Amino acid sequence: LYIAEPHNRAAKAVEGMMYTIFGGLLKRATTEIGVEQLYNQLQKGRFDGQLAENLPTTLRDATLTHALITRGNEAASHLLPAMKSAVGTLISSYAGVRNSSAISLLGLLTAVTLDALAKRVRDQKLDADTLAAQLYGEREQFLANVPATLLPLMADKLGIEHIV
């Protein structure tokens, strides 16, 4: 991939980042302003639901991968304002990877997640309210599956104590 980390640490970082991104989406979905911002990002953020089809090709090309990471990091900055550094530090310490690797994963996985979410919105013709309801409906499964050592760190860094 785009990071040079031992496989076991990279896998742990990917897992932790996916939970962290979903936690951030849940946080957004709990307020009207937050869900509107998320919905607008999905509508205007150049996410069309096609990324999954092209992901293997994209990841083989360093230029395309870098562009995807940059786009994802821009989206993460909008969705998790002033938290990108905290998320990088969180995943870096949780998985034992470099902070730069965590930030690259944040960009990559945010882009992939938002692209999949944009596809869901388009395919199911969701509005902002139904999107929020669907995300919040996945809360129990999220809480049941997130690693016990990661949950308190996420709650603190993302400010999602009320969700937990």
Side-chain angles (χ1 to χ4, degrees), residues 1-5 7 9-31 33-124 126 128 131-132 134-135 138 142 145-147 150 153-154 157-160 163:
L1 191 67
Y2 203 71
I3 61 171
E5 299 286 353
H7 177 74
R9 290 181 185 180
K12 187 174 182 178
V14 167
E15 176 192 40
M17 189 63 75
M18 290 306 299
Y19 285 116
T20 302
I21 290 169
F22 189 79
L25 293 175
L26 274 178
K27 179 179 181 172
R28 278 283 178 213
T30 59
T31 66
I33 291 172
V35 76
E36 285 295 332
Q37 288 175 339
L38 172 58
Y39 188 78
N40 288 337
Q41 179 72 29
L42 294 173
Q43 298 297 309
K44 299 176 186 172
R46 301 177 317 214
F47 298 106
D48 59 8
Q50 302 300 310
L51 182 58
E53 294 175 18
N54 301 319
L55 192 57
T57 302
T58 299
L59 294 177
R60 282 189 211 101
D61 183 315
T63 303
L64 293 175
T65 301
H66 180 72
L68 181 61
I69 289 170
T70 300
R71 190 168 90 180
N73 273 322
E74 289 169 2
S77 292
H78 290 291
L79 293 173
L80 302 170
M83 288 189 205
K84 195 163 86 171
S85 178
V87 168
T89 302
L90 164 74
I91 296 302
S92 177
S93 63
Y94 170 72
V97 298
R98 291 185 316 274
N99 195 55
S100 60
S101 296
I103 295 297
S104 291
L105 285 173
L106 174 63
L108 178 68
L109 297 174
T110 297
V112 170
T113 301
L114 292 180
D115 197 70
L117 204 52
K119 181 174 177 20
R120 182 195 293 187
V121 166
R122 187 186 70 231
D123 290 353
Q124 297 178 15
L126 303 178
L131 172 62
Q134 279 193 8
L135 287 172
E138 296 172 15
F142 164 74
N145 291 319
V146 67
L150 181 60
L153 300 172
M154 284 177 31
K157 295 287 185 193
L158 295 177
I160 58 171
I163 294 170

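For the single chain, residues carry numbers from 1 onward in sequence order. Everything numeric here is computed off the predicted structure, so don't read it as measured data.
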Next item on the list: Can you see which heavy atom on Tyr39 is nearest to which on Leu126, and at what distance?
Entry: OH-O, 3.0 Å

Check: With no hydrogens and no angle check, is any side-chain donor or acceptor of Arg28 less than 3.5 Å from a backbone partner on Leu79?
Finding: yes

Check: Where the side chain of Arg98 meets the backbone of Ala4, is there a donor-acceptor pair that is under 3.5 Å apart?
Finding: yes

Next item on the list: Supply the atom-to-atom distance Lys157 NZ to Leu150 CG, rounded to the nearest 0.5 angstrom.
Entry: 12.0 Å

Next item on the list: Please confirm whether the backbone N or O of Thr65 pairs with a side-chain atom of Thr58, one donor and one acceptor, at under 3.5 Å?
Entry: no

Check: Is there side-chain contact between Lys27 and Met83, with at least one heavy-atom pair below 4.5 Å?
Finding: yes

Checklist line | Heavy-atom closest contact (Ala132 atom, Val35 atom, distance) | finding: CB-CG2, 3.4 Å

Check: So do Met17 and Val87 actually touch side chain to side chain, heavy atoms under 4.5 Å?
Finding: yes

Notebook entry, point to check: Between Asp115 (side chain) and Leu51 (backbone), is there a donor-acceptor pair under 3.5 Å?
Noted result: yes

Checklist line | For the student: nearest non-hydrogen atoms of Gln41 and Leu114, plus distance | finding: CG-CD1, 4.3 Å

Notebook entry, point to check: Is there a donor-acceptor contact under 3.5 Å from the side chain of Arg9 to the main chain of Gly96?
Noted result: yes

Notebook entry, point to check: Got Glu138 and Phe22 here, is their nearest side-chain heavy-atom distance under 4.5 Å?
Noted result: yes

Item checked: From CD1 (Ile69) to CG (Leu109), nearest 0.5 Å -> 9.0 Å

Next item on the list: Heavy atoms only: give me the nearest Gly16-Ile91 pair and the separation to one decimal.
Entry: C-CD1, 3.5 Å

Next item on the list: Would you sort out whether Ile160 and Leu26 count as a side chain to side chain contact (heavy atoms under 4.5 Å, CB included), showing the intermediate values?
Entry: CA-CA 8 Å; Ile160 58 171; Leu26 274 178; 5.9 Å; no

Check: Pick from Thr70, Leu68, Thr63: which one makes a side-chain contact (heavy atoms from CB on, under 4.5 Å) with His66?
Finding: Thr70

Checklist line | Inter-residue atom distance Tyr94.OH - Met154.CE, 0.5 Å rounding | finding: 10.0 Å

Margin query: Does Leu25 form a side chain to side chain contact (heavy atoms under 4.5 Å, CB included) with Leu117? I'd like the steps, not just the answer.
Written below: CA-CA 10 Å; Leu25 293 175; Leu117 204 52; 4.1 Å; yes

Check: Which atom pair, heavy atoms only, marks the closest approach of Gly88 to Ala102?
Finding: O-CB, 3.4 Å

Next item on the list: Can you measure from CD1 (Ile103) to OG (Ser85) and round to the nearest 0.5 angstrom?
Entry: 6.5 Å

Check: Is there a side chain to side chain contact (heavy atoms under 4.5 Å, CB included) between Asn54 and Leu64 once you walk through the steps?
Finding: CA-CA 11 Å; Asn54 301 319; Leu64 293 175; over 6 Å; no

Margin query: Donor-acceptor check, side chain of Lys84 to backbone of Ala76, threshold 3.5 angstrom: yes or no?
Written below: no

Checklist line | Contact summary for Leu80 and Gly24, nearest pair of heavy atoms | finding: CD2-CA, 3.6 Å

Next item on the list: Mind checking the CD-CD spacing from Gln43 to Glu36? Nearest 0.5 Å is all I need.
Entry: 10.0 Å

Checklist line | Check: Gly107 main-chain N/O paired with Thr110 side-chain donor or acceptor under 3.5 Å | finding: no

Check: How about Gln134 and Arg120: do any of their side-chain heavy atoms sit closer than 4.5 Å?
Finding: yes

Check: About how many Å separate OG1 of Thr30 and CG of Leu135, when rounded to the nearest 0.5 Å?
Finding: 10.5 Å

